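Report on one structure; see the data block that follows.
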Amino acid sequence: MSEVRVRFAPSPTGPLHIGGVRTALYNYLFAKNKGGKFILRIEDTDQARFVEGAEQYIIESLKWCGIEFDESVVVGGEFGPYKQSERKAMYLPYAEQLVKEGFAYYAFDSSEELTAMRERMKAAGVPSPQYNAVTRTTMQNSLALSEDEVTKRRQAGEAYVIRIKMPRNEEVKLNDIIRGWVVVNTNNMDDKVIFKSDGMPTYHLANVVDDYLMKISHVIRGEEWLPSAPLHVLLYRYLGWEDVMPQFAHLPLILKPDGNGKLSKRDGDRLGFPVFPTEWMNPETKEISSGYRESGYIKEAFINMLSFLGWNPGTTQEIFSMEELIESFSLERVGKAGAKFDFDKTRWFNQQYLRAKSKEELAQDLQLILKENGIEAEDNFVETVCEQLKERATFVKDMWEEGKYYFLSPTSYDEKTIRKKWKEDTPKYVSELKNRLAELADFSSESIEIEFKKYLEENELGMGKLLPAFRVCLTGLGMGPSLFDIASLLGKEETIKRMETALEKIN
RNA sequence: GGCCCGUUCGUCUAGUCAGGUCAGGACGCCAGGUUUUCAUCCUGGUAACAGGGGUUCGAAUCCCCUACGGGCUACCA
């Protein structure tokens with residue numbers, strides 16, 4: 001079998017949302033699994049929808065995801081250019097070849113004329129009028145007009161498009177890797193524009209020509225392309241490339257977590273989760289959309305989550321590194337039905353990855369957050385904090401938000417704990433405990449615990465009587481990790497100081 | 001409306017192609033245990049073959065119909 005070459009072909013019309021990232025990911029995994037090449041092709045044939053910065057965004061956000069291209073606008077390759085606007089001159093000859101061979105034709109209709117035709121057909125009872133075998137005879141095109149008229153118009157420089165001449169009553173079949181045989185009758189297809197009046201091809205032609213020229217072996221794309229796949233098959237056939245036509249695989253869509261319909265940016269805003277891999281600022285409105293990266297997601301967790309939205313390995317293993325994904329991935333195991341996005345599961349994946357990280361790695365990330373908050377701390381200290389906190393956190397930022405007391409003395413004391421656990425005799429106990437701890441030579445967690453328990457015993461107190469009060473003195477909170485660990489890490493001096501402060505403030 | 005695709009616990013899904021174990025796992029949720037507390041962790045529980053017809057000794061699995069959902073229906077991709 002010839003070399004596997006797949007491409008991810010986005011339009012630079014905005015940021016890539018997670019559906020697009022997943023399409024890129026599956027292409028990447030498939031290519032790497034087969035030892036093939038993965039190509040990025042920018043499909044910017046629609047100048048009107050171009051968005052500043054979108055191409056850069058696509059490249060950089062995929063890079064963050066760990067998805068790298070073998071050929072692209074950045075790294076080049078022997079099948080370039082990799083941007084359709086730079087390939088502009090290549091498409092017209094193919095379109096004209098189709099006209100010459102009778103598979104396509106010139107059409108001069110203005111948008112007003114097209115609208116008029118549609119209105120006319122609707123009035124006549126056709127719900128969705130098409131430019132097809134029935135209507136084309138009434139329009140301004142090289143099939144209805146005389147040859148002289150066509151030549152005259154073309155020489156006069158009149159704007160024209162090239163449309164495919166859809167045959168009557170032919171079954172077009174394609175064998176989709178995910179869906180099996182898909183059959184469509186050409187009577188249900190229209191004479192799609194393949195070359196626009198602005199000199200650019202439409203997606204359909206550009207896509208087929210480029211996939212052919214770039215020797216693409218498999219087209220893996222979203223399900224929204226399935227209805228036009230038969231058109232592409234016809235294009236390959238008419239261009240004489242059917243024997244090297246790529247295999248198709250149409251991926252199921254990612255759906256809204258609630259209700260129905262495909263996932264959109266709105267859903268993320270509404271339900272409070274990112275739909276973009278990295279943060280995006282709309283260049284026009286300056287509106288900022290949050291990204292997984294900025295929200296504190298570990299990229300491996302993000303990728304792992306995405307890979308499972310529509311694919312599964314058929315085993316019970318759920319945690320997969322990129323290498324393992326490459327190893328296990330196959331298009332045969334991609335599902336057919338759309339998958340509702342599950343935000344809880346996404347958080348769970350992040351938690352799993354967080355735990356797998358070493359305290360050193362976590363400390364590095366936490367230091368970044370600490371710096372943002374104007375806190376300087378020794379690496380060793382931060383590492384121990386991470387050690388104590390990582391089992392309770394989903395994100396690195398949780399360790400800051402739930403563990404501020406490691407770095408700052410409490411400024412307030414949890415009311416509920418005070419109300420329930422700070423009794424009349426509590427100050428006396430805390431004060432005595434403080435004096436006992438002050439004399440402790442070994443301020444290790446174990447030693448503090450032993451001393452604490454000894455004190456409880458001597459005074460015939462239970463854990464619940466004094467420990468919550470002790471905790472609130474040190475952390476201001478009613479819950480958290482082992483208090484003896486916290487005290488030990490804070491050190492004797494700080495511990496004593498916090499107890500004194502609490503005694504003053506709480507009373 | 002037309003065309004195409006789809007439908008297993010609330011969610012992601014295994015099982016469907018080669019019909020035959022109480023339909024398995026994970027997330028979530030609930031309960032119990034562990035823990036000074038909260039979280040973690042452990043144990044257990046919850047809950048599904050869209051409906052109806054066939055074919056068959058036997059159907060989640062094969063066929064048909066219906067319903068529901070999705071996509072497409074541009075000189076956008």
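In this text the structure is predicted, and so the values were computed from the model without any measurement. In what follows, every chain begins at residue 1, and chains take the letters A, B, ... in the order their sequences are listed.
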### Message
Generate the contact string for nucleotides 67-77 of chain B. Rules: B means base contact, S means sugar-phosphate contact only, - means no protein heavy atom under 4.0 Å.
### Response
--SSBS--BBB
### Query
Where do A/Tyr297 and A/Phe395 land on the ring-ring contact (aromatic ring centres under 6.0 Å, His included) test, with the steps shown first?
CA-CA 7 Å; A/Tyr297 279 85; A/Phe395 300 102; 4.9 Å; yes
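- No contact: A/Gly464 has no heavy atom under 4.0 Å from any strand.
- Between A/Ile486 atom CD1 and B/U37 atom C1' there is a gap of 11 Å when expressed in whole angstrom units.
- Residue-level contact check: A/Gly180 touches neither bases nor backbone, having no heavy atom under 4.0 Å from any strand.
- On the P atoms, B/A39 is 12 Å away from B/A31, given to the nearest whole Å.
- Residue A/Leu483 is classed as a base contact, given a heavy-atom separation below 4.0 Å to a base.
- Under the 6.0 Å cut-off for aromatic ring centres, A/Tyr26 and A/Trp311 do not qualify, their centroids lying 6.0 Å or more apart.
- Taking atom C1' in both B/C9 and B/G15, one finds a spacing of 14 Å when rounded to whole Å.
- As rounded to the nearest Å, B/A67 and B/G44 have C1' atoms that lie 38 Å from one another.
- Across A/Asp46 and A/Lys196, no two heavy atoms sit closer than the pair CA-NZ, 3.9 Å.
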### Query
Run the ring-ring contact (aromatic ring centres under 6.0 Å, His included) check on A/Phe273 and A/Phe341 step by step: do they pass?
CA-CA 10 Å; A/Phe273 60 83; A/Phe341 180 73; 4.8 Å; yes
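- Nucleotide B/C57 forms a pair with B/G20, judged by Watson-Crick or G-U wobble geometry with both contacts under 3.5 Å.
- Nucleic acid contact for A/Val183: sugar-phosphate only, since backbone atoms but no base atoms lie under 4.0 Å from a heavy atom of the residue.
- Atom P of B/G6 sits at a distance of 14 Å from the matching atom of B/C65, rounded to the whole Å.
- Residues A/Val472 and A/Asp414 share a closest heavy-atom pair of CG2-N, 3.9 Å.
- Pairing for B/C29 is with B/G45, a Watson-Crick or G-U wobble pair whose two hydrogen-bonding atom distances lie under 3.5 Å.
- Without hydrogens or angle criteria, A/Lys173 side chain to A/Val183 main chain gives no donor-acceptor distance under 3.5 Å.
- The pairing partner recorded for B/A77 is none, the criterion being a Watson-Crick or G-U wobble arrangement whose two distances lie under 3.5 angstrom.
- Relative to the side chain of A/Asn188, the nucleotides B/G6, B/G2, B/C12 differ in distance, and B/G2 lies closest.
- For B/G15, the OP1/OP2 oxygens have a side-chain nitrogen or oxygen of A/Arg333 closer than 4.0 Å.
- Comparing the P positions of B/G25 and B/C64 gives an interatomic distance of 33 Å, to the nearest angstrom.
- The partner of B/C68 is B/G6, by the rule that a Watson-Crick or G-U pair needs both atom distances under 3.5 Å.
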### Message
Using ring-ring contact (aromatic ring centres under 6.0 Å, His included), reason through A/Phe452 and A/Phe470 one step at a time and then give a plain yes or no.
### Response
CA-CA 10 Å; A/Phe452 182 85; A/Phe470 187 21; 5.7 Å; yes
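- At whole-Å resolution of the value, NZ in A/Lys340 and C1' in B/U13 are 14 Å apart.
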### Task
Spell out protein contact along nucleotides 59-66 of chain B as letters: B when the base is contacted, S when just the sugar-phosphate is, - when no protein heavy atom is under 4.0 Å; keep the 5' to 3' order.
--------
### Message
Base contacts versus sugar-phosphate-only contacts with protein, heavy atoms under 4.0 Å: please encode nucleotides 16-28 of chain B as B, S and - from 5' to 3'.
### Response
---------SBSS
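- Nucleic acid contact class of A/Pro230 (heavy atoms, under 4.0 Å, all strands): none.
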